[in-house]
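Comments concern the structure below.
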Amino acid sequence: MAAEKLVYAATVEALFLKALENRLTPACLMRLREAGLDLDQKLSPTYTLEQWKQYLRIAADHIYAGMPTEAAYYSLGERFVDGYFATLFGRAVLGMVRLAGPRRTLAQAKLGFRTSTNCSEVRVVERSPSSVEVWVNDILADQPTFAAGVLARTMELAGGQRVAVVPEGFDGQSANYHVRWSEQADAVTEPQLDSSGGASATRPPA
């Protein structure tokens with residue numbers, strides 16, 4: 001029997017307690033509580049993948065109401081990364097990411113996904129010094145743009161400029177991502193995290 005797909009508490013903490021903390025309305029908190037996520041209580045060690053997907057749906061519906069679903073999930077992916085790097089462990093990792101740069105950071109993407117869930121497999125194929133293909137066996141969301149936002153924001157924080165992440169071949173679970181970036185120092189100023197852990201200059205979805 002296949003192991004149950006689980007998402008770790010640190011993943012929920014990064015998005016809902018760090019990145020979205022000040023944007024969760026009482027109505028959104030109530031919906032999350034009804035779905036099994038009570039943010040006033042200590043987090044469970046793990047949540048099922050289906051629970052996590054439901055939490056993302058609720059966040060997308062309440063926080064990004066009126067926005068196209070694909071764009072809402074992209075923004076959630078970006079915010080997740082900012083929240084992750086605002087955690088105690090994430091702040092230590094952020095320094096290493098910036099030292100590693102975009103290409104080496106992407107090469108280690110599988111480690112990042114494995115700290116979020118017990119069901120992620122990632123393959124990275126380098127196409128050029130500033131272009132790779134990333135295959136993810138389970139994107140952990142209803143929309144492939146969630147992982148696209150995760151990858152894009154990670155590349156930006158690693159020093160990538162003019163980052164573009166294009167998902168394709170989404171089959172409801174896995175997807176391929178074409179990731180491109182520039183490393184020209186004068187292209188754009190380095191993105192920063194604001195005091196709340198959010199992006200100070202978040203790039204809108206293409």
Side-chain angles (χ1 to χ4, degrees), residues 5-24 28-29 32 35 37 39 43-44 46-64 67-94 97-98 102 105-106 108-120 122 134 136 138-158 160 163 165 167 170 175 177 179 191-205:
K5 293 183 177 181
L6 299 173
V7 172
Y8 302 133
T11 304
V12 176
E13 176 194 7
L15 184 59
F16 290 95
L17 291 180
K18 295 296 184 181
L20 300 179
E21 178 183 15
N22 297 324
R23 303 188 65 181
L24 298 174
C28 184
L29 289 168
L32 289 169
L37 178 59
L39 295 175
L43 295 178
S44 299
T46 60
Y47 296 85
T48 68
L49 178 57
E50 287 309 312
Q51 284 180 305
W52 166 253
K53 287 183 177 181
Q54 180 64 10
Y55 304 156
L56 289 180
R57 293 181 198 118
I58 293 169
D61 287 345
H62 282 261
I63 297 172
Y64 298 103
M67 181 183 290
T69 304
E70 294 84 354
Y73 272 77
Y74 187 99
S75 293
L76 284 173
E78 290 184 311
R79 296 288 292 175
F80 167 74
V81 171
D82 288 333
Y84 172 78
F85 286 128
T87 66
L88 182 63
F89 178 74
R91 285 194 293 270
V93 174
L94 180 58
V97 165
R98 285 176 167 157
T105 294
L106 263 186
Q108 298 300 316
K110 64 182 68 176
L111 298 179
F113 277 87
R114 285 175 181 171
T115 64
S116 298
T117 173
N118 72 339
C119 59
S120 282
V122 178
V134 180
V136 183
D138 196 317
I139 61 152
L140 310 180
D142 295 333
Q143 296 289 333
T145 47
F146 177 76
V150 170
L151 291 169
R153 186 63 179 144
T154 301
M155 289 297 91
E156 290 173 347
L157 292 172
V163 178
V165 180
F170 179 52
Y177 295 87
V179 186
Q192 301 289 331
L193 300 180
D194 64 25
S195 59
S196 66
S200 59
T202 301
R203 178 175 53 81

Just jot down the side chain to side chain donor-acceptor pair (under 3.5 Å) partners of Glu13, sequence neighbours excluded, or say none. none
Could you tell me whether the side chain of Arg91 and the main chain of Phe85 form a donor-acceptor pair under 3.5 Å? no
Who are the side-chain contact (heavy atoms from CB on, under 4.5 Å) partners of Ala72, not counting sequence neighbours? Ala60, Tyr64, Met67
Could you give the distance from CG (Leu17) to CG (Leu43), rounded to the nearest 0.5 Å? 5.0 Å
With Asp61, which residues qualify under salt bridge (charged side-chain N to carboxylate O under 4.0 Å, His left out), at least two apart? none
Distance from Leu94 atom CG to Arg98 atom CZ, nearest 0.5 Å? 4.0 Å
Reference residue Trp52; test side chain to side chain contact (heavy atoms under 4.5 Å, CB included); the match among Leu37, Val12, Leu6, Thr46: Val12
Separation between NZ (Lys18) and CG (Leu88), nearest 0.5 Å, reads 8.5 Å
Is any side-chain heavy atom of Leu49 less than 4.5 Å from a side-chain heavy atom of Thr117? no
Rounded distance (nearest 0.5 Å) linking atom CG of Leu157 with atom OH of Tyr84: 12.0 Å
Please find the pair of heavy atoms, one from Cys119 and one from Asp138, that lie closest to each other, and give the distance. O-CB, 4.4 Å
One should read off an interatomic distance between Asp142 CG and Lys53 NZ, to the nearest 0.5 angstrom, of 6.0 Å
Provide the closest heavy-atom pair for Ala158 versus Pro102 in the form atom of the first, atom of the second, distance. O-CD, 3.4 Å
Between CE of Met155 and CG of Leu106, what distance do you get to the nearest 0.5 Å? 3.5 Å
Below 3.5 Å, can you tabulate the donor-acceptor pairs from side chains in residues 109-116 to any protein atom, sequence neighbours excluded?
| unit_1 | atom_1 | unit_2 | atom_2 | d |
| --- | --- | --- | --- | --- |
| Thr115 | OG1 | Gly112 | O | 2.7 |

Looking only at heavy atoms, what is the nearest atom pair of Ala9 and Ser44, with distance? CB-O, 3.1 Å
Who are the side-chain contact (heavy atoms from CB on, under 4.5 Å) partners of Leu20, not counting sequence neighbours? Leu15, Phe16, Leu24, Ala59, Ile63, Leu76, Arg79
Thr145: partners by side-chain contact (heavy atoms from CB on, under 4.5 Å), with sequence neighbours left out: Glu70, Tyr73, Tyr74, Gln143
Under a 4.5 Å cut-off applied to non-hydrogen side-chain atoms, are Tyr177 and Val136 in contact? yes
Run the side-chain contact (heavy atoms from CB on, under 4.5 Å) test against Gln51 and tell me which residues pass, sequence neighbours left out. Tyr47, Thr48, Tyr55
Minimum-distance pair of heavy atoms, taken over all atoms of Arg153 and Glu78: CG-O, 3.8 Å
